[in-house]
Amino acid sequence: MSNTLPKSVVFRFLAVVLLSTGSAFASASLPETLPEAFAQSTLETTASIESSGHLVLFSPVREINNEIRSESMARLPVSGEGQLYQIARDSSRREAREHYLGLLRDRGAKILFDCSGIRCGRSNVWANQVFSQSVLYGRDATQDYLVAGQVADDGSRWLTSVYTVTRGNLREYVWVEHLKVAAGATVPGLGSVNNRIVGPVVVPWQGGVTYRFDWQATDRRRINDLARTEGARVVLVGYSELAADESFSDAMGRARKATESLSEVLAKTGVSRQQQELLIVGPSVLVTDPARQGDRVEVMVITR
């Protein structure tokens, strides 16, 4: 096992780590299944979606001369379903959004675009021109949207869109689209994914002498399965948060020890040390994704 990578490899891995907006690691969840509904909501409408040119937006929406404009959008050949839910009064659309974000991250989906409030554009355009669901017309300041993509083991690609809004009467709704994209279509932000690089799986850690790692059993199994692929390399990128009363070198040391500890865990579960590469960045690399913060090790698998 080597603790030092060539500079060219380090730069490539850092680029992947920084550009990744979410975990692209496929979990055991089947991408073709609809995301589980938010518990504090009631299903109102289900719509079958079969289209050779379904509109999906990957940037804020505008309407100019009755035409939809967006810097990044695509009309895609898809098949799937849309579902409209009303959120219970004792809950909130923000809780619903977090529910779906959590499910998508557990599945290993990549967030391709998300926005909140007026930054998304006008709610009436999303409601009437994009989703064709007039009940979604609400306040521009109280809306949010995200679209996530996932590549399944068989190469099929799936998109999930989630739009939530508060209407003028304070009722809150969520619209979920789950779509399979036909082969050959170009999906912005997804079609160019390097399928040889799988990850990162974000593994938060705690401790100092012994370490506790917070990660899912499905992720552990998936890492082990991919590591069995001929020529696969497992890269552990160690991060630490610089505390107010510690030096940079101490923070780097904490990251190194935690990463080495996780390396030992992987070795005991079947990922040989010879397959592993450790890259220690400590607090030296800042990532804006809120799901990738604090003391953590990010695990990536590189296949041939």
Side-chain angles (χ1 to χ4, degrees), residues 1 13 16-17 20-39 95 97-111 148-156 158 160 178 193 195-240 254-255 257-279 287 289-303:
M1 179 179 64
F13 283 128
V16 170
V17 169
S20 175
T21 58
S23 174
F25 203 96
S27 72
S29 299
L30 297 176
E32 61 266 27
T33 59
L34 277 161
E36 181 182 351
F38 178 53
E95 291 178 81
R97 175 182 170 87
E98 288 304 314
H99 163 80
Y100 288 106
L101 267 174
L103 290 180
L104 290 169
R105 285 170 178 153
D106 287 346
R107 289 184 173 202
K110 178 183 179 182
I111 306 300
Q150 184 176 3
V151 180
D153 290 342
D154 62 3
S156 62
W158 297 82
T160 305
H178 189 62
V193 170
N195 290 328
R196 291 185 57 207
I197 303 175
V198 185
V201 169
V202 180
V203 185
W205 58 266
Q206 293 179 342
V209 179
T210 59
Y211 295 89
R212 182 170 65 85
F213 299 101
D214 182 14
W215 57 336
Q216 301 296 317
T218 52
D219 286 337
R220 295 195 293 272
R221 287 194 296 268
R222 187 63 175 157
I223 289 171
N224 278 269
D225 289 344
L226 284 171
R228 295 190 185 99
T229 304
E230 183 179 357
R233 305 294 292 175
V234 180
V235 181
L236 286 73
V237 185
Y239 291 85
S240 58
R254 289 194 301 110
K257 290 178 181 178
T259 306
E260 290 173 347
S261 179
L262 184 60
S263 171
E264 293 176 6
V265 172
L266 288 175
K268 291 177 181 178
T269 60
V271 181
S272 71
R273 294 179 183 276
Q274 289 71 31
Q275 286 184 273
Q276 299 181 34
E277 299 283 357
L278 273 60
L279 177 61
V287 180
D289 186 344
R292 300 167 60 199
Q293 301 297 320
D295 296 336
R296 67 196 188 279
V297 179
E298 298 190 0
V299 184
M300 305 168 69
V301 181
I302 316 299
T303 59

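No hydrogens, no waters, no symmetry mates; every other heavy atom, side chains included, goes into these values.
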Do [X] and [Y] come within less than 4.5 Å of each other through their side chains, counting heavy atoms only?
X: Ile223; Y: Leu266; value: yes
X: Arg273; Y: Glu264; value: yes
X: Arg254; Y: Trp205; value: yes
X: Val299; Y: Pro200; value: no
X: Gln206; Y: Asp295; value: no
X: Trp215; Y: Pro204; value: no

[atom2] on [Y] to [atom1] on [X], rounded to 0.5 Å:
X: Gln216; Y: Asp219; atom1: CD; atom2: CG; result: 6.5 Å
X: Arg292; Y: Tyr239; atom1: CZ; atom2: OH; result: 5.5 Å
X: Leu101; Y: Asp106; atom1: CG; atom2: CG; result: 10.5 Å

Search all heavy atoms of [X] against all heavy atoms of [Y] and return the closest pair with its distance.
X: Ala232; Y: Gln275; answer: O-NE2, 3.3 Å
X: Arg107; Y: Gln150; answer: O-NE2, 2.9 Å
X: Phe213; Y: Leu262; answer: CZ-N, 3.5 Å
X: Lys257; Y: Tyr211; answer: CB-OH, 3.1 Å

(message) For Leu278, run the side-chain contact (heavy atoms from CB on, under 4.5 Å) check against Val237, Val297, Thr259, Val234 and tell me which one passes.
(response)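 With Leu278 as partner, Val237, Val297, Thr259, Val234 yield a single side-chain contact (heavy atoms from CB on, under 4.5 Å), made by Thr259.
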
(message) I'd like to know if the side chain of Gln276 and the backbone of Leu236 have a donor-acceptor N/O pair within less than 3.5 Å.
(response)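 No; judged by distance alone, with no hydrogens or angles, the pair does not exist.
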
(request) Hey, can you tell me if His178 and Trp158 have their rings parallel, tilted or perpendicular (30° and 60° cut-offs)? (result)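 Plane angle under 30°, so parallel.
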
(request) Kindly determine whether Leu103 and Glu36 satisfy side-chain contact (heavy atoms from CB on, under 4.5 Å), including the steps that lead there. (result) CA-CA 8 Å; Leu103 290 180; Glu36 181 182 351; 4.0 Å; yes

(message) Could you walk me through whether Val203 and Asp214 satisfy the side-chain contact (heavy atoms from CB on, under 4.5 Å) test, starting with their C-alpha distance in whole Å, then the side-chain angles of each, then the deciding distance to 0.1 Å, before giving a yes or no?
(response) CA-CA 6 Å; Val203 185; Asp214 182 14; 6.0 Å; no

(request) Verify salt bridge (Lys or Arg N to Asp or Glu O under 4.0 Å) between Arg296 and Glu298, making sure each step is shown before the conclusion. (result) CA-CA 6 Å; Arg296 67 196 188 279; Glu298 298 190 0; 2.9 Å; yes

